[in-house]
Amino acid sequence: MAQKNHWSDWQPLPGWNPSSDVLRETLDGGQSFRWTPDAGTTANPAREIWTGTWSTHLVQVRPQPDGLAWRSPLPAAAPALHRYLGLDTDWSAHTDALPWRSDPHLARCLAAFPGLRLLRQPFGETLLGFLCSATKQIVQIKQMLALLAERHGPLVCRAGSPNPAKAAFGDAALQCHQLPTWSHLASIPEKDLRACQLGFRARYIAETAQFLAAHPGWLDETERLPYAAAKTRLIQLPGVGEKVADCVLLFGAGKLEAFPVDTWMLKSLARRYGLDGWKPAQVAHFGRTHFGPIAGLAQQYLFSWERKFGGR
DNA sequence: TGTCCACCTTT
DNA sequence: AAGGTGGAC
C-alpha cells in the first residue's frame, strides 16, 4: 500500500494570469484530456480548482485575482508545471507575430481569449490521447483515458484532501493514476483495451504499441526531429493521419507550425474566411500560408472561438 | 492532394 | 452525430 501524500500549500505561479474561462479553455478545451474541474471550496467559493495529471505528476491549479496558484502532493512539480504550461515561452510575442492587424476575425479571436496558450505535454501521452480522439467528443476521450489510467496505469500517489470533512479519495484523488506507458500498452490484449470504451481505436493503439515496442527509441527520436520529418514518421503509425499527427506535434512537441484541421477548423475557415467546400488538405495549406510559422497558435484561437461563439 | 464508407460507442 | 483513418474503388 502506497503511503498517503499531503498537498503542499498553495503557491503563486508568476508569468500567467488567465481568467477562469481562459484557464478552462487551455486545460480542458481539447489540447489535454486529463484535467478535471473541482467545485469551489469554502476558502475559494466562486472559482474552480483544476486537478491534472501528466507523466508522474499530479497538480492542482486555480485562478486568483492576482494570478494563478498551484499545489501538489509530490516533489519536482514546480519545474514540470512550468514546462507543461509553457511558462518558458513568450506567448505575447508569438501572438503579436500573428497577422491579426490585417485579419479582423483573428483579432476578434485573440481578444475573446486573452492569454490563451498551447500546452507542452509529454509526447507519448499526447499520442495516446489523440489516438483516442477520432469521432469522439472531449468528454468521451477523457472517459477513455481515465479508464486506461485507472485499470492499466500505475498509481501516481495517494493524495488526501487537506479538508478532513471531504473524503480522502474525493475529487482530488480521481486522477491519481498515471497513463500506461507505450511499453506497457504493448502487453495489454486488444480486448482489454476495448473494454476501456475505445471501440475501433483499440486496434490502432494495440498496433501502435506493437510498432513502438519493436522500435525502441523511435518515439523520442521523432519528438526531436523538425516538424515535417517528425510528421512524416508519425503518419506511419496505425491510426495516425494528418490531423492526429499535427495535434501530437502541436500539443506534445511544441511545433507551432503544425496546423491541425478538424471539423471545427473546416467550419471556422468556411464561415469566417469563405472557404466553403474546401477539403482538409486545402484548408491546411491555406492555414500555413495565411497564418505563417506560428499557425498552430492561430488555430487554437480560431478553434476556441468557433466552439464558444460559432454555434453548432 | 479523388471520393466513399466501415469502424465502436455514447450523447 | 460525434474534434479521423485506412482501405477500396
Side-chain angles (χ1 to χ4, degrees), chain A residues 24-35 109 113 116 118-119 121 125-148 151 188-212 228 231-252 258-272 275-290 295-312:
Chain A
R24 171 173 12 91
E25 193 61 33
T26 302
L27 297 180
D28 201 26
Q31 299 188 55
S32 169
F33 308 104
R34 296 281 286 156
W35 288 90
C109 295
F113 299 93
L116 183 71
L118 267 4
L119 266 15
Q121 304 172 251
E125 292 188 3
T126 314
L127 173 62
L128 179 58
F130 283 93
L131 272 172
C132 294
S133 71
T135 63
K136 285 293 179 192
Q137 299 191 308
I138 292 170
V139 281
Q140 298 169 300
I141 302 164
K142 287 172 76 169
Q143 182 56 219
M144 295 176 198
L145 292 170
L147 281 170
L148 276 173
R151 295 181 182 177
I188 301 173
E190 187 181 317
K191 68 167 173 35
D192 292 345
L193 296 176
R194 281 185 186 260
C196 295
Q197 303 180 3
L198 295 181
F200 63 83
R201 302 153 199 84
R203 182 169 54 83
Y204 295 156
I205 289 168
E207 291 179 358
T208 288
Q210 297 307 317
F211 177 92
L212 295 178
K231 184 171 176 182
T232 300
R233 277 171 63 130
L234 279 179
I235 286 178
Q236 297 171 16
L237 297 172
V240 178
E242 299 260 332
K243 190 270 180 184
V244 168
D246 275 330
C247 286
V248 173
L249 291 169
L250 185 58
F251 308 136
F259 190 81
V261 175
D262 62 2
T263 60
W264 287 105
M265 271 307 102
L266 287 176
K267 281 179 199 168
S268 171
L269 295 208
R271 292 167 173 171
R272 318 300 161 199
L275 309 189
D276 295 280
W278 285 41
K279 300 293 174 273
Q282 299 172 303
V283 168
H285 182 257
F286 175 90
R288 286 192 298 270
T289 56
H290 179 72
L297 182 59
Q299 177 271 164
Q300 202 57 33
Y301 279 99
L302 262 52
F303 175 89
S304 295
W305 193 94
E306 205 62 38
R307 281 209 319 152
K308 183 163 183 178
F309 302 113
R312 272 191 275 250

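Letters A, B, ... mirror the listed sequences (proteins, then strands); counts begin at 1. Since we're looking at a predicted model, the values are computed, not measured.
- Taking atom CD of residue A/Q143 and atom C1' of nucleotide B/dC8, one finds them 15 Å apart after rounding to whole Å.
- Within 4.0 Å of A/G129, counting heavy atoms only, lies no atom of the nucleic acid at all.
- Between A/Q137 and C/dG3, a side-chain N or O to OP1/OP2 separation shorter than 4.0 Å is present.
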Problem - Intra- and inter-strand pairs of DNA chain C in dot-bracket (Watson-Crick or G-U wobble, both distances under 3.5 Å; | for another strand) - result: ||.||||||
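- Taking 3.5 Å as the limit, the base of B/dT9 and the side chain of A/K136 contain a donor-acceptor pair of atoms between them.
- For A/D262, there are no salt bridge (charged side-chain N to carboxylate O under 4.0 Å, His left out) partners at least two apart in sequence or on another chain.
- Per the geometry, CG belonging to A/L147 stands 13 Å off C1' belonging to B/dT10, to the nearest Å.
- Within the 4.0 Å cut-off from OP1 or OP2 of C/dG4, not a single side-chain nitrogen or oxygen of A/R201 is found.
- Shown here are the salt bridge (charged side-chain N to carboxylate O under 4.0 Å, His left out) partners of A/R151, two or more places apart in sequence or in another chain: there are none.
- The nucleotide whose nearest atom lies closest to any side-chain atom of A/Q140 is, among C/dG3, B/dT10, B/dC7, B/dT10.
- Atom CG in A/D192 sits roughly 16 Å away from atom P in B/dC8 (whole-Å rounding).
- Nearest-nucleotide positions on DNA chain B place A/Q282 closer to the 5' end than the other of A/L198 and A/Q282.
- Rounded to whole Å, atom P of C/dA2 lies 12 Å from atom CG of A/L266.
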Taking only nitrogen or oxygen atoms into account, show me every contact under 3.5 Å that the protein makes with nucleotides 5-8 of chain C, one pair per line with its distance.
| residue | atom | partner | partner atom | Å |
| --- | --- | --- | --- | --- |
| C/dT5 | OP1 | A/G241 | N | 2.8 |
| C/dT5 | OP1 | A/G241 | O | 3.2 |
| C/dT5 | OP1 | A/K243 | N | 3.4 |
| C/dT5 | OP1 | A/V244 | N | 2.9 |
| C/dG6 | OP1 | A/L237 | O | 3.4 |
| C/dG6 | OP1 | A/G239 | N | 2.8 |

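- Using cut-offs of 30° and 60° on the angle between ring planes, the pair A/F303 and A/W264 is perpendicular.
- Listed by chain and number, the residues in a ring-ring contact (aromatic ring centres under 6.0 Å, His included) with A/F286 are A/Y273, A/H290 (sequence neighbours excluded).
- Within the 4.0 angstrom heavy-atom criterion, only backbone atoms of the sugar-phosphate kind lie near A/T263; the bases stay farther away.
- Remark: P of B/dT1 and CH2 of A/W278 are 10 Å apart, rounded to the nearest angstrom.
- Look at CD on A/Q299: it is 14 Å from P on C/dG3, rounded to the nearest Å.
- Among the protein residues, A/F303 comes within range of the nucleic acid bases, having at least one heavy atom under 4.0 Å from a base atom.
- Here the separation of C/dT5 from B/dT10, taken at their P atoms, is 22 Å to the nearest Å.
- For the side-chain contact (heavy atoms from CB on, under 4.5 Å) test, residues two or more places apart in sequence or in another chain that qualify with A/A298 are A/L98, A/L106, A/F291.
- Note on residues 195-212 of chain A: pairs passing side-chain hydrogen bond (donor to acceptor under 3.5 Å, both in side chains), not counting sequence neighbours, are A/T135-A/R201.
- By the 4.5 Å heavy-atom criterion applied to side chains, A/Q140 and A/Q137 are counted as neighbours.
- If you measure from atom CD of A/Q197 to atom C1' of B/dC8, you get 11 Å, rounded to the nearest angstrom.
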Compile the donor-acceptor pairs under 3.5 Å between side chains in residues 232-241 of chain A and protein atoms, sequence neighbours left out, one pair per line.
| residue | atom | partner | partner atom | Å |
| --- | --- | --- | --- | --- |
| A/T232 | OG1 | A/A228 | O | 2.9 |
| A/R233 | NE | A/T222 | OG1 | 3.0 |
| A/R233 | NH2 | A/W218 | O | 3.0 |
| A/R233 | NH2 | A/E221 | OE1 | 3.4 |
| A/R233 | NH2 | A/T222 | OG1 | 3.3 |

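- B/dC8 and C/dA1 have their C1' atoms separated by 14 Å, with the value rounded to a whole Å.
- Distance A/I138 CD1 to B/dT11 C1': 14 Å, rounded to the nearest Å.
- Using atom C1' as the reference point in both C/dA2 and B/dA6, the two lie 16 Å apart (nearest Å).
- Here A/F200 does not count as stacked on B/dC8, because the ring centres are not under 5.5 angstrom apart with planes under 30°.
- Here the CE atom belonging to A/M144 is positioned 6.0 Å from the SG atom belonging to A/C132, to the nearest 0.5 angstrom.
- Not counting sequence neighbours, the partners of A/E242 by the salt bridge (charged side-chain N to carboxylate O under 4.0 Å, His left out) test are A/K231.
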